[in-house]
Amino acid sequence: MANIKSAKKRILVSKKKEMRNKSIKSKVKTLIKKVEAAAEAGDKAAAEEALKVAISEISKAASKGIYHKNTAARKVSRITLLVNKIA
């Protein structure tokens, strides 16, 4: 355990940021799974709605620095292709 006051504060702050990042990453993963499930079921309307929500959340995460912009772009690209392949 740290003895210096500033080091103790850094531990608390980093824990808080870690929790926030984990929660947002988990939310994004869940939204991507919803898009994939709708696409697998062949429900284009539901997939497009889920896609819209997922893209929004991924963009927010990238703007906050939780995901690198290229990672966010890759995730968006993959789920968009998946939805576009639905007949």
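Just the heavy atoms: all of them, side chains too, but no hydrogens, waters or symmetry mates, feed the values below. Everything numeric in this text was worked out from a predicted model, so none of it was measured.
- For CG of L81, the number of neighbouring non-hydrogen atoms (other residues, nucleotides, ligands) closer than 6.0 Å is greater than 12.
- Nearest heavy-atom pair across L82 and E36 is CD2-CG, 3.6 Å.
- Here the closest non-hydrogen pair linking A2 and K8 is O-CE, 3.1 Å.
- Residues A47 and I86 come closest through the heavy atom pair CB-CD1, 3.8 Å.
- Under the 4.5 Å side-chain criterion, counting only non-hydrogen atoms from C-beta, K60 is in contact with S56.
- The two residues K75 and I32 have their closest heavy-atom pair at CD-CD1, 4.2 Å.
- Formation of a donor-acceptor pair under 3.5 Å by the T80 side chain with backbone atoms of V76 is found in this model.
- The main-chain N or O of A73 is never found under 3.5 Å from a side-chain atom of S77 such that the two would form a donor-acceptor pair.
- Residue V35 comes nearest to V83 through the heavy atom pair CG1-CG2, 3.6 Å, listed as atom of the first residue, atom of the second, then distance.
- Inter-residue side-chain proximity for I58 and I79 is flagged as met; some heavy-atom pair is nearer than 4.5 Å.
- In this structure, CD1 on I66 lies 8.0 Å from OG on S23, to the nearest 0.5 angstrom.
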Evaluate the side-chain contact (heavy atoms from CB on, under 4.5 Å) criterion for residues K17 and V13: first the C-alpha distance (whole Å), next the side-chain angles of each, then the deciding distance (0.1 Å), finally the verdict. CA-CA 6 Å; K17 286 185 177 184; V13 170; 4.1 Å; yes
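- Nearest heavy atoms, A62 versus A72: CB-CB, 3.6 Å.
- In summary, K52 and E48 do not engage in a salt bridge, as defined by a charged side-chain N under 4.0 Å from a carboxylate O.
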Applying side-chain contact (heavy atoms from CB on, under 4.5 Å), run through V28 and Y67 and close with a yes or a no. CA-CA 10 Å; V28 166; Y67 284 120; 3.9 Å; yes
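- To the nearest 0.5 Å, atom NZ of residue K44 and atom CG of residue L51 are 9.5 Å apart.
- Here the straight-line distance linking atom CD of E57 with atom OG1 of T30 works out to 10.5 Å at 0.5 Å rounding.
- The number of heavy-atom neighbours closer than 6.0 Å to CZ of R78, taken from other residues, nucleotides and ligands shown, is 12 or below.
- Judged by distance alone, the side chain of S26 and the main-chain N or O of K22 form no donor-acceptor pair under 3.5 Å.
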